[in-house]
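Worksheet for the structure shown next.
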2 protein chains.
Amino acid sequence: MFSKACEYAIRATLLVASHSLMDERVSVKDIAEATASPVAFTAKIMQQLNRCGILYSVQGKQGGFEMTKEQMQATKLSQIVTLIDGDRVFTGCGLGLRECNALKPCPLHERFSSVRGELKAMLDETTVLDLALGLKDGLTFLRT
Amino acid sequence: MFSKACEYAIRATLLVASHSLMDERVSVKDIAEATASPVAFTAKIMQQLNRCGILYSVQGKQGGFEMTKEQMQATKLSQIVTLIDGDRVFTGCGLGLRECNALKPCPLHERFSSVRGELKAMLDETTVLDLALGLKDGLTFLRT
DNA sequence: CAGAAAAAGGATAATTTTGTCCTATTTAAA
DNA sequence: TTTAAATAGGACAAAATTATCCTTTTTCTG
Ligand code: FES
Ligand code: FES
């Protein structure tokens, strides 16, 4: 469904958010540990998330990553997916035709575009804050 | 969403089905041309589809691939997906946790498993015959 | 100020997925 | 019976994704 990079990005963002709710800053090392992700790969993803303003970083000793509550409210899951994987999962043809076009539909178009629309709606309606709250309260988890 | 191999598999199966409805046999070359897929890669996929009985092949000159109407009715899209990509798209965690477990859910579990269930239901309810009919009638397409 | 901890970023490596090539086998038709 | 067209299948190659390593820069702390 999503690439590994995208899964790591969402997990990392949610971890940073849940810690920011408790006014804690987290390092890449912390993030990788808490989300069971490879450290250096996660570091690259954090750079992308920082560059596009989904969260922010503090360099130097005692540095790490944080999010403001505004960032948590403003960031929809769909934005993270689009940033990392592009919009193919939201707009592409389920059978891989070059474009999904209702005027020249693939055999699965009608059924697939409906499900794809629900996926998009779900990710558009879900903010980082929505998910970070359950994580902070220990109701949900980011690793086994 | 699906791998390239899986997209090719579905497109190829639907092409064979629509031709079988007109009592025509199709070669790998025909399939690759009609679905805009790489020939040799498609050939490998056809072998898988044949081995597991989704369709059948006839070797030798004038050979090719065909499906019986029974095969078309019996084959659900979900079977082709599972054959090529496995069942991760139907059962896996949206955030990539090792297993999707409602007792230790990821933050997206509730919302994701709902959409994933609709995808599965859609592919379970759709047979190759369902889709081949529109293709035969020129209402849907397998390439741009 | 010096040293250490941490992010930034470039280069490279491993793995998986996708795609190609070539040979053997099967079968219809000339 | 020979030839040609087609699938079967193994080996290999290219590309994309995932992952690691190493150096530089920043900034806190002693
Ligand atoms: S054309 Fe295939 S999903 Fe729209
Ligand atoms: S645990 Fe993540 S989707 Fe179920």
Side-chain angles (χ1 to χ4, degrees), chain A residues 1-13 15-16 19 24-67 81 83-86 88-89 92 95-96, chain B residues 1-13 15-16 19 24-67 81 83-86 88-89 92 95-96:
Chain A
M1 185 78 72
F2 308 126
S3 68
K4 280 283 168 199
C6 186
E7 292 171 354
Y8 296 153
I10 296 173
R11 300 217 299 263
T13 301
L15 184 84
V16 171
H19 279 261
E24 291 170 6
R25 186 180 287 169
V26 283
S27 68
V28 168
K29 192 157 154 286
D30 298 335
I31 295 168
E33 161 68 20
T35 63
S37 309
V39 180
F41 195 52
T42 299
K44 291 298 161 65
I45 292 166
M46 297 314 295
Q47 288 173 31
Q48 280 193 76
L49 294 169
N50 177 47
R51 276 197 292 267
C52 78
I54 285 174
L55 41 68
Y56 66 93
S57 72
V58 177
Q59 290 191 21
K61 196 168 178 178
Q62 304 298 328
F65 296 87
E66 292 181 45
M67 283 184 94
V81 171
L83 172 70
I84 307 292
D85 284 348
R88 249 184 60 183
V89 72
L95 299 189
Chain B
M1 185 77 73
F2 308 127
S3 68
K4 280 285 167 198
C6 186
E7 293 171 354
Y8 296 153
I10 297 173
R11 300 216 299 264
T13 301
L15 185 84
V16 171
H19 280 260
E24 290 170 6
R25 186 179 287 168
V26 283
S27 68
V28 168
K29 194 157 154 287
D30 298 335
I31 295 168
E33 161 68 19
T35 63
S37 308
V39 181
F41 196 51
T42 299
K44 292 298 161 67
I45 293 166
M46 297 316 294
Q47 290 174 30
Q48 279 193 78
L49 294 170
N50 177 47
R51 276 196 293 265
C52 78
I54 285 174
L55 39 69
Y56 65 94
S57 72
V58 178
Q59 288 190 24
K61 196 169 180 179
Q62 304 299 328
F65 296 87
E66 292 182 44
M67 285 184 93
V81 172
L83 171 70
I84 307 291
D85 284 351
R88 246 184 64 181
V89 71
L95 299 189

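Chain naming here is simple, since letters A, B, ... match the order of the sequence lines and numbering starts at 1 in each.
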Check nucleotides 26-30 of chain C against the protein and report each pair of N or O atoms closer than 3.5 Å, with its distance, or say if there are none.
from	atom 1	to	atom 2	distance (Å)
dT26(C)	O4'	Q59(B)	OE1	3.2
dT26(C)	O2	G60(B)	N	3.4
dT27(C)	O2	K61(B)	N	3.2
dA28(C)	O4'	K61(B)	O	3.3

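Each of V26(B) and K44(B) was matched to the nucleotide of DNA chain D holding its nearest heavy atom; the match closer to the 5' end belongs to V26(B). Mapping F65(B) and K4(A) onto DNA chain D by nearest heavy atom places F65(B) closer to the 5' end of the strand.
In the set dA8(D), dT20(D), dT18(D), the nucleotide with an atom closest to the side chain of Q47(B) is dA8(D). Between dT20(D), dT7(D), dT20(C), one nucleotide has an atom nearer to the side chain of V28(B) than all others, and that is dT7(D). Among dA7(C), dT18(C), dA8(D), the nucleotide with an atom closest to any side-chain atom of S27(A) is dA7(C). With dT20(C), dT18(C), dA6(D) as the choices, the nucleotide that has an atom nearest any side-chain atom of A40(B) turns out to be dT20(C).
We find that CG of D30(A) is positioned 14 Å from P of dA5(C), with the value rounded to whole Å. Atom CG of L49(B) and atom C1' of dT7(D) are 14 Å apart (whole Å). Separating the CD1 atom of I84(B) from the P atom of dT18(C) is a distance of 11 Å, rounded to the nearest angstrom. Rounded to whole angstrom, the span from the CZ atom of F2(B) across to the P atom of dT18(C) amounts to 13 Å. Rounded to whole Å, the distance from CE on M46(A) to P on dT18(D) is 17 Å. A straight line from CD1 of I45(A) to P of dG9(C) spans 15 Å, rounded to a whole angstrom.
At the phosphate of dA8(D), OP1 or OP2 sits under 4.0 Å from a side-chain N or O atom of N50(B). Contact check, S57(A) against dA8(C): a side-chain N or O comes under 4.0 Å of OP1 or OP2. Here Y8(A) reaches the OP1 or OP2 of dA19(D): one of its side-chain N or O atoms lies under 4.0 Å away. The shortest distance between the side-chain N/O atoms of R51(A) and the OP1/OP2 oxygens of dG9(C) is below 4.0 Å.
Checked options V81(B), I45(B), I84(B), L49(B); the residue passing with I10(B) is V81(B) (criterion: side chain to side chain contact (heavy atoms under 4.5 Å, CB included)).
The minimum heavy-atom distance linking P38(A) with A32(A) is given by the pair C-CB, 4.4 Å. Summarising the geometry of T35(A) relative to R11(A), their closest heavy-atom pair is O-NH2, 2.8 Å, with the distance given to 0.1 Å. The shortest non-hydrogen separation linking V28(B) to M46(B) is CG2-CG, 4.2 Å. Across all non-hydrogen atoms, the minimal contact from R25(B) to G64(B) is CD-N, 3.6 Å.
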Worked verdict on Q48(B) versus I54(B) for side-chain contact (heavy atoms from CB on, under 4.5 Å)
CA-CA 9 Å; Q48(B) 279 193 78; I54(B) 285 174; over 6 Å; no
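The environment of E33(A) atom CD is sparse: at most 12 non-hydrogen atoms of other residues, nucleotides or ligands sit within 6.0 angstrom.
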